[in-house]
Protein chains: 2
Amino acid sequence: MTLTVLFAAPELWPQYETHLPKALAEAGVTANVVVAAAPEMVDFIVYAPSAPLQDFTPYRNCRAVLSLWAGVERIVGNETLTQPLCRMVDPGLTEGMVEWVVGHTLRHHLGMDRHIINPGHVWDPICPPLARERRVTVLGLGALGTACAQALAALNFRVTGWSRTEKSVPGLHCLWGEAGLTTALEGAEIVVTLLPKTPATENILNAESLTLPARGAVILNPGRGALIDDDALLAALDTGQIGHATLDVFRTEPLPKDHPFWTDPRVTVTPHIAADTRAVSAARVIAENIRRNVAGEELLHLVNRRLGY
Amino acid sequence: MTLTVLFAAPELWPQYETHLPKALAEAGVTANVVVAAAPEMVDFIVYAPSAPLQDFTPYRNCRAVLSLWAGVERIVGNETLTQPLCRMVDPGLTEGMVEWVVGHTLRHHLGMDRHIINPGHVWDPICPPLARERRVTVLGLGALGTACAQALAALNFRVTGWSRTEKSVPGLHCLWGEAGLTTALEGAEIVVTLLPKTPATENILNAESLTLPARGAVILNPGRGALIDDDALLAALDTGQIGHATLDVFRTEPLPKDHPFWTDPRVTVTPHIAADTRAVSAARVIAENIRRNVAGEELLHLVNRRLGY
């Protein structure tokens with residue numbers, strides 16, 4: 001029997017158009033992936049909260065709703081959604097984050113920009129220091145922060161990891177709590193912010209804390225826009241206390257056209273790509289769940305409606 | 001007794017001015033590091049082949065000549081040099097090379113340049129593929145090539161290593177010989193050249209072999225300038241067969257002002273910094289050798305004049 005899989009996340013279709021049918025075929029599932037269908041014909045819905053589809057009532061033969069997002073807070077309360085709901089747990093997300101953080105850390109460590117943008121054709125053979133001389137501080141030791149900090153330590157960087165509550169990670173110098181934060185930031189040359197957004201972490205990089213890193217330090221923020229006080233960062237860039245900021249997340253996304261981050265040569269904007277779900281690996285997770293359901297096996301990453309995740 | 005160490009490599013003095021006295025102090029050696037001295041007062045000479053000092057005869061109390069270069073082919077035949085000669089074996093060299101190669105691989109893998117240079121302020125949230133989808137080929141599996149290939153494999157890149165003679169390295173897909181070269185290059189998205197310069201490796205990337213990688217592939221050359229046929233590379237960039245080249249080494253260095261590599265936007269020139277001896281770690285090697293000699297211990301990395309290295 002050929003299944004009908006409704007892909008109900010139109011803006012993501014270009015990314016999944018090839019990968020999802022391919023992943024289904026690789027999983028041995030015979031299915032048509034469509035972007036529109038008569039509701040009663042639909043066997044599975046692949047979903048993103050930004051989709052126009054909000055009333056699940058007509059999809060009475062739908063066997064599961066498979067979210068492309070890790071967070072389901074915008075859908076879990078939808079009372080028309082009675083089908084099993086699965087969230088996305090994408091192994092590619094951690095890998096992608098590690099690649100972004102290690103890549104931009106090495107970019108700033110090596111001073112690549114002055115070679116990439118070198119209109120005067122200057123041959124200036126000054127070697128950067130070795131990674132073992134470079135102090136990197138990672139704020140946040142969740143799954144992503146820990147993976148990034150360990151990958152940096154494996155490349156010999158002198159890594160300090162900071163978490164709000166006490167944690168210990170092999171290979172890292174770990175600090176925690178308010179007092180630990182000051183020590184973690186003091187003298188850091190590259191600071192990576194990978195904390196969740198909570199009242200305790202909002203504006204954790206502010207006018208005061210931004211005075212602590214080494215003069216000319218680099219900020220990498222692939223975490224949450226709200227972790228940084230934007231005005232304080234711009235002021236610290238103006239004085240040279242902070243030398244550069246490479247930011248992947250912002251309070252408003254897309255970053256508004258008139259935001260000063262766009263025009264400041266000491267800021268690099270990447271468009272929220274560090275931690276995005278990757279179509280290649282996410283398509284495999286979706287395909288595997290459809291295969292399991294068809295085979296009578298338990299769905300992966302099934303959401304507990306009472307707990308909300 | 002305070003030793004006199006003549007630093008006879010004037011162009012490198014700015015890099016060693018701080019590091020060498022510090023390394024000597026840390027090794028417990030009491031010494032004055034000077035850039036000029038009466039020859040008979042000199043206990044040790046720190047040397048680079050580019051130095052004006054060519055006649056070692058007057059340095060009759062000199063206990064050893066310590067080269068800052070790994071290669072001593074330009075000094076080993078100097079008949080006035082009767083003192084023990086040591087070459088530089090810098091642990092920082094491999095580390096620095098790994099950092100350059102991993103950094104520029106991630107830069108091209110992540111497509112960083114379009115964010116670093118983004119005058120139109122384009123918010124274009126297309127994720128790069130994961131490293132595990134990216135095919136990287138490393139030509140050369142000596143100490144440097146092997147270290148780089150293994151570091152890339154640790155970040156999940158799909159790494160193929162090629163060597164002229166048969167080699168096997170854990171974690172890598174290894175190929176060798178002429179037939180293996182074709183297979184190693186076919187479909188590669190990033191090609192790293194880390195071969196020595198020999199008649200067999202000169203122009204190994206030429207008009208023919210440059211047709212083998214995936215269309216739009218990136219070339220990284222931190223090895224030797226002569227490994228690449230410059231004209232063939234420029235032609236392959238013109239057709240789009242090669243998408244970008246990041247080059248650290250050139251047939252003539254510094255790269256002449258009128259060389260087309262400077263003006264081609266698809267070429268990044270780095271000024272022979274990938275594999276340079278690092279002052280911090282090299283200073284420690286020099287200091288350790290002086291300490292050993294003073295303590296009556298054997299010198300490290302002593303050159304065998306008959307063999308020439």
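Computed from a prediction, not measured in an experiment: that's the story for all the values here. Chain naming here is simple, since letters A, B, ... match the order of the sequence lines and numbering starts at 1 in each.
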Practice task
Sort out for me which of B/Pro265, B/Gly103, B/Ser281, B/Cys127 touches chain A most, counting heavy-atom pairs under 4.5 Å.
Solution key: B/Cys127

Completion exercise
When the 4.5 angstrom heavy-atom criterion is applied to A/Leu255 and chain B, the contacting part is both

Practice task
Would you mind checking which part of B/Thr105 comes under 4.5 Å of any heavy atom in chain A, side chain (CB onward), backbone (N, CA, C, O), both or neither?
Solution key: neither

Practice task
Heavy-atom distances under 4.5 Å only: say whether A/Asp124 touches chain B with side chain, backbone, both or neither.
Solution key: backbone

Exercise for the section: Look at the aromatic rings of A/Trp262 and B/His121 and report parallel, tilted or perpendicular, splitting at 30° and 60°. Expected result: parallel

Exercise for the section: Using non-hydrogen atoms and a 4.5 Å limit, figure out which bit of B/Ile273 sits close to chain A: side chain, backbone, both or neither. Expected result: both

Practice task
Check whether A/Val102 gets within reach of chain B through its side chain, its backbone, both or neither, counting any heavy atom under 4.5 Å.
Solution key: both

Problem - Partner chain B: residue of A/Leu130, A/Asn118, A/Thr268 with the largest heavy-atom pair count (under 4.5 Å) - result: A/Leu130

Handout entry: Candidate pair B/Glu99 and A/Leu155, rule side chain to side chain contact (heavy atoms under 4.5 Å, CB included), full reasoning
Key = CA-CA 8 Å; B/Glu99 292 166 20; A/Leu155 284 163; 5.5 Å; no

Exercise for the section: Sort A/Val269 into side chain, backbone, both or neither according to what part of it lies under 4.5 angstrom from a heavy atom of chain B. Expected result: both

Problem - Where B/Pro125 and A/Gln15 come nearest, the two heavy atoms and their spacing - result: O-NE2, 4.5 Å

Exercise for the section: Pick whichever of A/Thr270, A/Thr246, A/Val267, A/Thr263 has the most heavy-atom pairs under 4.5 Å with chain B. Expected result: A/Thr270

Fill in the blank from the handout: Bottom line for B/Ile116: the part with an atom under 4.5 Å from chain A's heavy atoms is both

Practice task
Verify the neighbour count for atom CZ of B/Arg224: are there more than 12 heavy atoms of other residues, nucleotides or ligands below 6.0 Å?
Solution key: no

Exercise for the section: Answer with side chain, backbone, both or neither: which region of A/Pro14 has an atom nearer than 4.5 Å to a non-hydrogen atom of chain B? Expected result: neither

Exercise for the section: Look at B/Pro119, B/Gly96, B/Ala131 and state which one has the largest set of heavy-atom pairs under 4.5 Å with chain A. Expected result: B/Ala131

Handout entry: Pairwise side-chain contact, B/Pro128 with A/Arg278, heavy-atom cut-off 4.5 Å (strictly under)
Key = yes

Practice task
Please state whether the side chain, the backbone, both or neither of B/Phe250 comes within less than 4.5 Å of a heavy atom of chain A.
Solution key: side chain

Fill in the blank from the handout: Per-residue tally against chain A (heavy atom, under 4.5 Å) across B/His109, B/Arg107, B/His272 peaks at B/Arg107

